[in-house]
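Here is the naming used below: chain letters follow the sequence lines, and residue numbers restart at 1 for every chain.
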Protein chains: 2
Amino acid sequence: MLTIGTLAKKTGTKVQTIRYYEQIGLMPEPGRSQGGQRRYGLDELDRLSFVRHARQLGFSLDAIRELLDLSDHPEKSCAEADAIARRQLKQVEQRLARLEALRTELKRMVRECSGGQMSDCRVLEVLRDHSECLTDHQEIGA
Amino acid sequence: MLTIGTLAKKTGTKVQTIRYYEQIGLMPEPGRSQGGQRRYGLDELDRLSFVRHARQLGFSLDAIRELLDLSDHPEKSCAEADAIARRQLKQVEQRLARLEALRTELKRMVRECSGGQMSDCRVLEVLRDHSECLTDHQEIGA
DNA sequence: GCTTGCACCTACAGCGGCTAGAGGATGTAC
DNA sequence: GTACATCCTCTAGCCGCTGTAGGTGCAAGC
């Protein structure tokens, strides 16, 4: 039987995060000691490892919830899990494309900075005038 | 004189976002009509355009605040603005590197999925066992 | 048995960067 | 003068945690 702190260490999670996962129903309510402290078994260790690993790969908690539901039905077809992973891959590729455009723009901005006075600063100039940009980079976020 | 809605349209911002920027001190308190509605001039249009463009390039609101402060002192050296941009570039490059690692892992996961039953699903298998991964992808977020 | 001191408990607030909604006032075109 | 879009303030919610306050449990050393 593991305390929440031990489980946290074993999975590289913060204690509060485990309690948060319980609160939103991602982790089950565990057994308790006589004094009311949470006690975990190996099932919970596996489940939390799964969750953490999926998080590291960028899956949302909702996607993880789906994947966990799926893994409770081993007789089902693999198609749904596959679709979730493909969706995630697509998102990652979109974010990559956008970040690459940003990198290009930022590099140019920095390269052109002559190190003079603020009034001639290319950085500020480019930020002031989007038409100087080579790419669109329309979207904000992620 | 522009209404908040017109300013929003011209800059591709939501009305609420403009009020939010005012609330956190990123945009100044504008003049008001007799009835109490906000009225903006060209200065505010420029400032908001600057903010939005910097946001599109991924700068945080704090970084943008610094850049705005700097651009109010045109006699200062350009070094600080340059540093902020370089910091941003570095962040973007770090995120790129991590996303590329994720893409590799996700691609492998999806490629190896044979389309059979959930019990043989490579997607779930890889998520269950981190040791199957080629990269570390330690960090969560961004 | 008793104390120390860390780990645990609940409950709630806060982060960034918005976004949405309620419920009401204003402004403008006909 | 009336219809209707737009504006106002205020508050709460999104994601995925993280931190804090104020209190309790537990195990080890004496």
statement: Rounded to whole Å, CD1 of B:I18 lies from P of D:dT6 at a distance of 14 Å
- prompt: To the nearest angstrom, how far is A:L7 atom CG from C:dC9 atom C1'?
  reply: 16 Å
- request: Please tell me which of A:Y21 and A:S33 maps to the more 5' nucleotide of DNA chain D, matching each residue to the nucleotide holding its nearest heavy atom.
  value: A:Y21
- prompt: How close or far is atom P of C:dG21 from atom OH of B:Y20, stated in whole angstroms?
  reply: 19 Å
field: Of B:F59 and B:G35, the one whose closest DNA chain C nucleotide lies more 5'
entry: B:F59
- prompt: Roughly how many Å is it from CD1 in A:I4 to P in D:dG25, rounded to a whole number?
  reply: 17 Å
query: Looking only at side-chain N and O atoms, does A:T3 come under 4.0 Å of OP1 or OP2 in C:dC8?
result: yes
query: Is any side-chain N or O of A:K14 closer than 4.0 Å to OP1 or OP2 of D:dG16?
result: no
message: Can you tell me which nucleotide in D:dC17, C:dG27, C:dC18 comes closest to the side chain of B:R52?
response: C:dC18
field: A:E22 and A:R19 ion-paired at < 4.0 Å
entry: no
- prompt: Quick one: which of D:dC17, C:dC18, D:dC8 gets closest to the side chain of A:R55?
  reply: D:dC17
task: Please tell me which of the listed nucleotides, D:dC8, C:dC9, D:dT18, lies nearest to the side chain of A:R32?
output: C:dC9
- request: Rounded off to whole Å, could you give me the CD-to-P distance for the A:Q37 and D:dC26 pair?
  value: 5 Å
message: Just the rounded figure in Å: distance from P of D:dG25 to CD of A:Q34.
response: 11 Å
message: Can you see if the side chain of B:R38 gets near the phosphate of D:dC8 - specifically, an N or O under 4.0 Å from OP1 or OP2?
response: yes
message: Between B:E66 and B:R87, does any NZ, NE, NH1 or NH2 come within less than 4.0 Å of an OD or OE carboxylate oxygen?
response: yes
task: Check every atom of C:dG17, D:dC8, D:dT20 against the side chain of A:Q16 and return the nucleotide holding the closest atom.
output: D:dT20
- prompt: Between the side chains of B:D129 and B:S131, does any donor sit under 3.5 Å from an acceptor?
  reply: yes
Without placing hydrogens or testing angles, list every side-chain donor-acceptor pair under 3.5 Å for residues 99-108 of chain B, not counting sequence neighbours.
| residue | atom | partner | partner atom | Å |
| --- | --- | --- | --- | --- |
| B:T104 | OG1 | B:E100 | O | 2.9 |
| B:E105 | OE1 | B:L134 | N | 3.2 |
| B:E105 | OE1 | B:T135 | N | 3.2 |
| B:E105 | OE1 | B:T135 | OG1 | 3.0 |
| B:E105 | OE2 | B:R108 | NE | 3.3 |
| B:E105 | OE2 | B:R108 | NH2 | 2.8 |
| B:E105 | OE2 | B:L134 | N | 3.4 |
| B:R108 | NH2 | B:E132 | O | 2.6 |

query: Out of D:dC26, D:dG16, C:dT10, which has the shortest distance to the side chain of A:R19?
result: C:dT10
message: Can you see if the side chain of B:R65 gets near the phosphate of C:dG16 - specifically, an N or O under 4.0 Å from OP1 or OP2?
response: no
field: A:T17 side-chain proximity, nearest of D:dT18, D:dC7, C:dC18
entry: D:dT18
Mutual orientation of the aromatic rings belonging to B:H130 and B:H137 [parallel < 30°, tilted 30-60°, perpendicular > 60°]: perpendicular
task: Starting from C1' on C:dC8, measure out to CZ on A:R39 and report it in whole angstrom.
output: 8 Å
message: Strictly below 4.0 Å, N to O, side chains only: are B:R47 and B:E44 in salt-bridge contact?
response: no
- prompt: NA contact type, A:I24, heavy-atom cut-off 4.0 Å: base, sugar-phosphate, or nothing?
  reply: nothing
message: What is the distance, to the nearest angstrom, from the CE atom on B:M27 to the C1' atom on C:dG17?
response: 16 Å
